[in-house]
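Down below is the structure, laid out as structure tokens.
For the numbers below, each heavy atom of this structure counts, side chains included, while hydrogens, waters and symmetry mates do not.
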Amino acid sequence: MKTYWQNYIDGAWVDGGAGRIDVINPGTGEKLAEQALADAGDVDRAVMAARRVHLSGALSDLRPVERGRMVQAMGRYLLTHIDEIAKVLTLEQGKPLWEARIEIEGAARYFEYYGNQAETVEGRSIPLGKGYFDFTTYEPFGVSAQIIPWNYPVEMTARSLSAALATGNACVIKTPELTPLSNAWFADAAEAVGLPKGAVNILCGLGHEAGAALSAHPEVNQIVFTGSVPTGIAIATAAAKNVVPCVLELGGKSAAIVHDDADLEAFENDVRWGIYFNAGQVCSAMSRVIVHDSIHDELVERMVGVAQSLTVKPGIDQPEFGATMGAMVSDAQRDRAAGMIQAAEADGATVATGGRKMNIPGAFLEPTILTGVTPDMTIANDEVFGPVLSVLKFRDDDEAIQIANGTPYGLVGGVFTNDLDRATTAARQIRAGQVFVNEWYAGGVETPFGGYGKSGYGREKGREALWNYVQTKNVAIKLKG
């Protein structure tokens, strides 16, 4: 483990104009390393390097299959170095080592998928009658600014970087200050596959300085952001002043509706992945379970069993797949979640299991289940972003949908039932960008992902995401004769 990590601007590793920031290992609470901290001047140099690459045509003039092959090769580079990346990711973020490996494999999959898609972005001809030939073509926006969250720093960077490069954009990535280290391998990968200097720039900076400078930069042509609603609003506001399009993924308060005919044994696995994977620090986490009152007690008992089966300890000590959970990303995030649990208890909710900070070094919170939660409670409406599951009751289908749609968010939702009519009806009625039926996180890289309401706008993943990174040009030709 290096003790000091630099930023990567225009093909070179450089110090930061704002000094350095400590990166803390949440599994121990101890300092892990120092990271260079970018200022507005660093941001400007990165943006102008990306703009130079865009204007040169070094990416956009390539035959798409050639560009796609480089994108695919970046994914293979990550897999080649998965052992070293996973260790750093675990130490800086807190997740189990086996989860870190899954994240890196997911990141590589994005490069594989979008590398394959590069040569499929095709225009069309439009008939205008005799004397005209008209067609459309797609062109990259130019400079794509990507502001990355701390919960999945490798996979979320890969999600936007792969699509942007596949469509010929040059990129400036602002890494999260809590988990900036693992992004260094994207710079190494860009060099290894032969991308031109300036095509990929990676810098860490504070949101109010580097993030603000990047989102307001007049030479940025498109912005991708994943994070909180207030920050998303600030980024969109700054971008609007330059008339720059954004893709915003702003989290959620996603609900699983569990009907009385659901397979409860199978649902235990959904709980395991839905709320305790990455210690619940997932935008699309199953943070609410809305259960039919006739099976409420049985389901709570099963879910408590899942929570209590988990071994919670430092992620670096968890190399093998299993019933384990790591630390949250920081003491501050852990304390916020613990405070929300206490507030929920004051509002009348009951802690069925967990609910406390663990008496060991590091940012650990017990896997938690709250019962007696009602739709008006803060815990049922605000994102915890931790291993905290709220359980609500319903009596009929209409009430279940009303509760599920009762927050300002609309990222994902789920319905669990053996009744096909009930499932398809609920899928139409749930106000969310993605609906899971009988399996939380069903889908994959191929399926569009994004939100309704305050969960944001635009779509990541799938072919649909490609259109975020290109703009349509129409060419109309008047023929002679």
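A search for salt bridge (charged side-chain N to carboxylate O under 4.0 Å, His left out) contacts involving Arg302 returns Glu268, Glu298, not counting sequence neighbours. Every salt bridge (charged side-chain N to carboxylate O under 4.0 Å, His left out) that Lys31 has, sequence neighbours left out, goes to Asp22, Glu34. With sequence neighbours left out, Ser330 forms a side chain to side chain donor-acceptor pair (under 3.5 Å) with no residue at all. Applying the side chain to side chain donor-acceptor pair (under 3.5 Å) rule to Asp42 yields the partners Arg45; only residues at least two apart in sequence or on another chain are considered. The side chain to side chain donor-acceptor pair (under 3.5 Å) test applied to His292 returns Ser294, not counting sequence neighbours. With sequence neighbours excluded, the residues satisfying side chain to side chain donor-acceptor pair (under 3.5 Å) with Glu103 are Lys95.
Nearest heavy-atom pair across Asp261 and Asn418 is O-ND2, 2.7 Å. Nearest heavy-atom pair, Met328 versus Pro387, reported as atom, atom and distance to 0.1 Å: SD-CD, 3.8 Å. The nearest pair of heavy atoms linking Val373 to Ala380 is CG1-CB, 3.8 Å. The two residues Thr90 and Ile316 make their nearest non-hydrogen contact at CG2-N, 3.3 Å. Here the closest heavy-atom approach between residue Trp273 and residue Ile102 is recorded as CH2-CD1, 4.5 Å. The minimum heavy-atom distance linking Gly386 with Ile275 is given by the pair O-CD1, 3.8 Å.
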Is there a side-chain contact (heavy atoms from CB on, under 4.5 Å) between Ile85 and Arg101 once you walk through the steps?
CA-CA 8 Å; Ile85 306 172; Arg101 293 182 66 88; over 6 Å; no

Begin with the C-alpha distance, continue with both residues' side-chain angles, and end with the deciding distance and a verdict on side-chain contact (heavy atoms from CB on, under 4.5 Å) for Val14 and Leu203.
CA-CA 9 Å; Val14 296; Leu203 51 85; over 6 Å; no

Determine, step by step, whether Ile401 and Ile257 satisfy the side-chain contact (heavy atoms from CB on, under 4.5 Å) criterion, reporting the C-alpha distance in whole Å, the side-chain angles of both residues, the deciding distance to 0.1 Å, and the verdict.
CA-CA 8 Å; Ile401 296 296; Ile257 299 172; 3.8 Å; yes

Could you go through the side-chain contact (heavy atoms from CB on, under 4.5 Å) check for Ile403 and Arg288 one step at a time?
CA-CA 10 Å; Ile403 295 171; Arg288 293 182 295 156; 4.1 Å; yes

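When each of Gln146, Arg159, Glu460 is tested with Thr226 by the rule side-chain hydrogen bond (donor to acceptor under 3.5 Å, both in side chains), just one qualifies, namely Arg159. With respect to Val172, the side-chain contact (heavy atoms from CB on, under 4.5 Å) criterion is satisfied by exactly one of Ile9, Val200, Val43, Val47: Val47. Evaluated for a side-chain contact (heavy atoms from CB on, under 4.5 Å) with Val258, the options Ile295, Ile290, Asp263 yield exactly one hit, Ile295.
Between the side chain of Asn169 and the backbone N or O of Phe141 there is at least one donor-acceptor pair closer than 3.5 Å. When atom types are taken as modelled, the side chain of Ser455 and the backbone of Gly251 share a donor-acceptor pair closer than 3.5 angstrom. Remark: side-chain polar atoms of Tyr152 are not paired, donor with acceptor, to backbone N or O of Gln281 under 3.5 angstrom. Checking side-chain atoms of Glu92 against main-chain N and O of Ser182 turns up a donor-acceptor pair under 3.5 Å. Panel note: side chain Gln318, backbone Lys313; a donor-acceptor pair is recorded below 3.5 Å. A distance-only check finds a donor-acceptor pair linking the side chain of Asn468 to the backbone of Arg459 [under 3.5 Å]. When atom types are taken as modelled, the side chain of Asp293 and the backbone of Lys393 share no donor-acceptor pair closer than 3.5 angstrom. At least one donor-acceptor pair under 3.5 Å links the side chain of Thr179 to the backbone N or O of Trp150. Gln333 places no side-chain N or O within 3.5 Å of a backbone atom of Val329 that could act as its donor or acceptor partner.
Around atom CD of Glu446, more than 12 heavy atoms belonging to other residues, nucleotides or ligands sit under 6.0 Å away. The number of heavy atoms from other shown groups lying within 6.0 Å of NZ (Lys461) is above 12. When the shell of 6.0 Å around NZ of Lys2 is examined, it contains more than 12 heavy atoms from other residues, nucleotides or ligands.
Looking only at side-chain heavy atoms (C-beta outward), Tyr441 and Val412 stay at 4.5 Å or farther from each other. Residues Leu178 and Pro153 are not in side-chain contact: their nearest non-hydrogen atoms beyond the backbone lie 4.5 Å or more apart. Side-chain contact between Val23 and Trp5 is absent, with no heavy-atom pair separated by less than 4.5 Å. Proximity of Leu250 to Lys454: side-chain heavy atoms (C-beta onward) are nowhere separated by under 4.5 Å. By the 4.5 Å heavy-atom criterion applied to side chains, Asn242 and Val220 are not counted as neighbours. Looking only at side-chain heavy atoms (C-beta outward), Asp270 and Phe436 stay at 4.5 Å or farther from each other. Side-chain contact between Ile341 and Leu365: present, with at least one pair of heavy atoms (C-beta onward) separated by less than 4.5 Å. Side-chain contact between Glu366 and Val312 is absent, with no heavy atoms from C-beta onward closer than 4.5 Å.
With values rounded to the nearest 0.5 angstrom, Cys204 atom SG is found 6.0 Å from Glu177 atom CD. The line from CH2 of Trp440 to OG of Ser284 is 7.5 Å long, rounded to the nearest 0.5 Å. Note that OH of Tyr8 is 8.0 Å distant from CG of Asp188, once rounded to the nearest 0.5 Å. Ser309 contributes atom OG, which lies 7.5 Å from atom CZ of Arg272 (distance to the nearest 0.5 angstrom). Once rounded to the nearest 0.5 Å, the distance linking CE of Met303 with OH of Tyr276 reads 8.0 Å. Atom CG of Leu37 sits about 11.5 Å away from atom CG of Asp15, to the nearest 0.5 Å.
Residues Glu383 and Ser287 bring no donor and acceptor atom of their side chains to less than 3.5 Å of each other. Side chains of Ser144 and Gln222: a donor on one and an acceptor on the other come within 3.5 Å. Residues Asp419 and Thr417 bring no donor and acceptor atom of their side chains to less than 3.5 Å of each other. When only modelled atom types and interatomic distance are considered, Thr407 and Asn381 share no side-chain donor-acceptor pair under 3.5 Å. Looking only at atom types and distance, the side chain of Tyr452 has no donor-acceptor partner in the side chain of Asn405 under 3.5 Å away. In this model, no donor atom of one side chain and acceptor atom of the other lie less than 3.5 Å apart for Asn183 and Thr175. Between Gln93 and Asn151, the side chains place no donor N or O within less than 3.5 Å of an acceptor N or O (distance only, hydrogens not considered).
Checked for salt-bridge contact, Lys87 and Glu84 miss the test: no charged N lies under 4.0 Å from a carboxylate O.
The aromatic rings of Tyr110 and Tyr114 lie parallel to each other, their planes meeting at an angle below 30°, with 60° marking the opposite boundary.
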